[in-house]
Structures are given as C-alpha cells and as structure tokens.
Amino acid sequence: MPPSIDVSAAARFETLTAALRANRREDRQLILIDGEDDQRALTFVELERRALRLLGALQRRDLRPGDAVILFVNDNERFLEMFWACVLGRLVPVPIAVGISDEHRRKLFRVFGQFDRAWVYSDARTFERVDAFASTHDLGAEHARLRERSLQIGALDLAGAAGVESAAAADDIAFIQYSSGSTREPKGVVLTHRNICANLASIRTAARFTDRDVALSWMPLTHDMGLIGFHLNMLACGVTHAVMRTELFARRPLLWLAKATELRATVLCSPNFGYEHYLKQFESKRPQGLDLSPVRLLFNGAEPISAALCRRFLDVMGPLGLRASAMFPVYGLAEASLAVSFPEPGSALQSTHVDRAELAIGRAVRALAADAPRAVELVRLGRAVPGTDLRIAAEDGAALEAGRLGHVLIRGDNVTRGYFRDEDATRAALPGSEGWLDTGDLGFLSPESGDLVIAGRTKDVIFVNGQNWYPHDLEGLAAEVPGIEINKVVAAGAQVPGRQGGESLVLFVLHRESIEAFVPQARELRRVLGQQAGLEVGYVVPVTRIPKTTSGKLQRHALARAFEQGEFDEAVRALAPLLDPVAGDSGSAAAAAAPGTLECLQGLCARVIPDKRIDPGTNLFEINLSSLTLARLHEAIDETFPGRLDVMDLFDYPTLQDLAGFLDRPAS
C-alpha cells in the first residue's frame, strides 16, 4: 500500500475565510447559469462584499456565532451569498435540498429539530409550501418554532452597515453536510475548517489544478461534490467557475456542454446517471458547434460508475474534441470532506473484471476474462489523495493485502470526527482509537496497480439518479399504501441487464394471491414513491416469502441477487402489460380528442412520453414517471405556455384535464 504524501508544499489554508481572502481577485469570477440566456457573473471580491452585507442583516436579527442557518433554497446565487455570510460570521451553514416532495419537507423539520438555535433561510414560495405541509401533518408547535426563526429572501434588512466578522479557528465547525437522499433519521456530517481545507489542498495536488482552469458544474450545492468540489475547491485554487442550476440540467441537459464550449471549460463533473441523461438527449437532437477540446478532466463520482457508459460517452464525444483520457473516475464521501482517491490525471480509463460469486470479505478477488459468464467489470478509482490514509480491512479491522476484498477505511485531517448529536452513529463509523473511519463500502486494492476498486457496500444504500436512498425510508413510505406493512415490503437496488445508468429501484411485496389482484397495490406503490420521494420505481415484484436473518433483519441483498439472477422474471413479465398498457393498446379505449389546451397537452405528452398512454384523467403520478421525465414534460409545456406553469403546479394539477383547466383560467 503506498504511503500518504505530505501536502505541506501545496497551498493549504487554515480556514475557509483565509481561502476567500487569499483569492480576493477581480479577474476571477463565479458565473451563475439559470437559463440559456440567463446568466450573471460575480467576481470573488463582489461575492465577499455581498456576504458581508448579508451578515450585517443577520446580526441585526440577533444571529450569533454558533447558530445554525439551514439553507433551504434553490437559487444558487442566494445560496452562496448566505453560505459565505455564515462562514464570515462563524455561523454554521446547513445545506438541505428543497426537492419537490413531502419527504424533503419532512427532512427539513427533522433537521431543524436537532438544533437548539437554528434558523431557516428560504424564499416566500417555498415557505408557503412548508406552511401547507405543516398544516396537513399536525406539526403546529414545530411549525410555529420554525416560522419564528425564518429568514426570508427579500425581507432582510440589507441597507444597514456591513457585518462584523468573527474569526474562525481551524477546529471550528465550517458546516454540516446532511445525507443527499431521503432519510427519516437524518445524519449530519460535521466538517471543520481543518477537515475541508486539508481536503482542498489534497484535491488541488492530486488533480493538478491551476488558476488557469475553468470549471463548470450542474451538481446541487447541497451535495458535497457541488459545494466542496466545484465551488470551495475552485475558489481556493483561484479558478473561474460556473454553477448551473440542477433542474436546468435535468430539463435541458444539452445546455451543459453548450455552456462548456462557450466558457472553454477545462474541468466538468457528473455522476454516472448524468452522462446517460445527456447522451439520451444528444443522440436524438445532435447539437451543433460543440468544442470539447479544452476539457482535461471529467469528474465521475457520487454513485457507482459504469465503465461501459464511460466508454460510450467518450466514443460519442470524441469527434467533438473530447480526449479519451479526460474521464476521471473518483471515489469520495461526505465524511472525507469529499475526496478519497483519484487516478493519475491524463491516464486512460482502467477497469478490472472479477468473479462476482467470489466477492467475500477477506477472500482473494478472482480475476476473469471480460466475456466470462460470471464476470463483473469494476472501475479502478486511483490511489488515495495526498494526506489521506486508506486501508482495506478484515472484519476485525486488520489490514488486508492487495487483491483481497474488505471494508474500506480512511484516516486523515480531512476525515470527520463524527455526526451531529448522534453518538451511536459516530461510534459505529469510528469504532477504535486510531481514527480509522469505516466508509461502509467494500473494496480491494488492485494487485497490479495499487488502485482502489469499490465492489459493493455493507450499508443498504440504494443509488438512484445520483442520490442515496435508504431502504427503510422507502419501505416506510410504501407502508402508507393500504394493505402494505413494514417488514412485508423490501426496497432494494438491483442492476438490470442492458441498463448502464446505475441501479433500478425494486420493491418486493409479500403477496400470495393472483397477479391480477396485485395490480392495484403495485400502481399505488409507484404513485406514492413517485409523489412522495420523486423516485421512479423500476419494478414492483410480488414474492411469497421475504428472507430474514435469525435476528429478524430483512435480507435485502438476497432478494436483489435473486432478481438479478432472473428468479422473478416470470412474475415481472406477467405484471408488465397489466401495469403499463402502451398507447394504442387494444385493451383500453383511447380518450376522444379534446379541443384547445387539452389537445395540445396530449400532443406534448405523446412527444415527451411516447411509451405511455395518458388520457385526460390519467394521474401523472400513478404511471411511474421519474422526476427527470416530469421535468422534461414541464419544459415542453413551458415552451408552449411560457411562464404560466411552475414545475410544482404538476403536483397540484396532476391530470391533463386539471392542467388544462388551470392554464385556461383568465389571468387575475
């Protein structure tokens, strides 16, 4: 195992404030992209000036050092102004994704409840939705307390004096990073200035950043790759960088590389699913004028990486100037302040094929030929970044030699010392006195290169569309469906043959009656998961038995493996035509064509969602549409009826009939 590299020679700041001060430059910009023709630039000097003005408004509201400020806002400009106001005033920023479902609002209340003195920063429209959620979920006392501590965009006093800075120490909390997916018991990773600044120095060295780089990201600022990797790191390196709204990428992915061309960006990023999302649109529309020759690094992380998808993306983009060596598969996690391992910049994509049946802790990994029946291809993720120690460990924590599968442990100044007010979770992640943190992942070091290879995870986290989803949370949502009980429904992620974009979500439901009797439950499960969590359920599978351990724990992975091996294919095939009749299916009469707005909406649906039959009364959340598909539908409607429909209105008017009535209302 290679030793850690001393990063003392690299630029390393003690605090984020020091990083901002050192890069107070008029010739470096933060570019905020909200649309094709809607973008603005702030110099780093102006960003600091705005943050101090906002800090003054907070101090006039009696916010004090140590208070938490929950950033519950989609606007990247407002987010970053408040983030830096908190940093400069030694407040504790707590980013939380706004999302589009009730589960995100539940998470807001749960996180808010963990703090003694917390404030919530958001806009009027979002607060209205929080108010409505609280009124229908019996949250009177909690809601009153939250509203008492609300900081509304546009309602803060910015006319007074600039704020007074409060100097931070290296071991003060810089911010708290909560999990990116849904969770009923949110865990907040506590990151100090020392943690983050150590990792920023490591990233700069390992990826060879210079102030001549130009970066572009569409990752949300509530995600560690978006905030730490593509804002804090870029600012600390003196790099001009652009931040595109995440929902803009979801609706119009082709803008991503169009903007990269316009900016002559050298560094880009996306999780695995984003590359697939982009290719789907690119292959149907083939935009002109792209030039990707300046791009030197394409960061690929945040979820399991498909080598086949990486190769396809490079092949398709190669004629547009993208170098084959640009793909940069990385490994990291919030507990490490982001980065754990990077490959050598400029090296070709590397992978290894191993026997999936031989992947057991402590056992030597068996290499196979690429075309062997039991071969699984795993991407090599490089070596530990400077300053981070990496160990592959047996069950007892002892180090394993290269080529043996074990728990991935990390240690270093960049590694968190625990979770906010969660001693049990902290002890589980940091069980010993030597400072090793258990990432929850399983992996091995390549005997040939020493590169880290991630093979799976001990945690039951499901990776769907770039977010982590916890099975027990989804099972809890599923249990809201009549007839579904906890421990009689299992959520798991499974690899589907021919699908390269990560996992599919599979729900296994205990059911011993006919397939036909199962259909109403299956439809309702898909609707609830779609509406409450914004997730597309890949498959709902009836099972006659749910395997459990002797202690009663659900064996989710046993069901997922059985699904991947085809044990439920017959049930899936029988259920598919009953759940998803397609347009023109003789089993259903097509609705008569309606005039005007309704007819127009039906035409848009036929174009955007050609594989679904959508009648005027069809509930869009009952036909298993993903959040990305809903975003594309909203984009199409907005092009036809500009400015008249917010994406959140789809939840209030879920049928085409309802939408048409809303759009046809006279303007007030």
In terms of relative ring orientation, are Tyr278 and Trp256 parallel, tilted or perpendicular, with 30° and 60° separating the classes? perpendicular
Do other residues, nucleotides or ligands put more than 12 heavy atoms under 6.0 Å from Glu283 CD? yes
Using side-chain hydrogen bond (donor to acceptor under 3.5 Å, both in side chains) as the criterion, list what pairs up with Arg527, not counting sequence neighbours. Glu524, Gln531
Can a donor-acceptor pair be found, under 3.5 Å and without considering hydrogens, that links the side chain of Arg526 to the backbone of Tyr539? no
Taking the six-membered ring for Trp and the single ring otherwise, decide whether the centroids of Phe249 and His277 are under 6.0 Å apart. yes
Does Arg607 have any salt bridge (charged side-chain N to carboxylate O under 4.0 Å, His left out) partners at least two apart in sequence or in another chain, and if so, which? none
Do the side chain of His634 and the main chain of Leu645 share a donor and acceptor less than 3.5 angstrom apart? yes
Any residue meeting side-chain hydrogen bond (donor to acceptor under 3.5 Å, both in side chains) with Arg561, in chain and number order, not counting sequence neighbours: none
Pairing of Arg404 and Glu401 as salt bridge, 4.0 angstrom limit: yes
Just to verify, what does Asp424 make a side-chain hydrogen bond (donor to acceptor under 3.5 Å, both in side chains) with, not counting sequence neighbours? Arg427
For His407 and Glu395, which I'm curious about, is there any donor-acceptor pair between the side chains at under 3.5 Å? yes
Hey, is the main chain of Asn619 close enough, under 3.5 Å, to the side chain of Thr655 for a donor-acceptor pair? no
Side chains of Tyr178 and Thr222 only: does a donor on one sit below 3.5 Å from an acceptor on the other? no
According to salt bridge (charged side-chain N to carboxylate O under 4.0 Å, His left out), who are the partners of Glu567, at least two apart in sequence or on a separate chain? none
Once salt bridge (charged side-chain N to carboxylate O under 4.0 Å, His left out) is applied, do any residues pair with Glu247, and if so which ones, sequence neighbours excluded? Arg245
Distance-only side-chain donor-acceptor flag, Ser446 / Glu448, under 3.5 Å: yes
Is a salt bridge present between Arg105 and Asp102, judged by a nitrogen-to-oxygen distance below 4.0 Å? yes
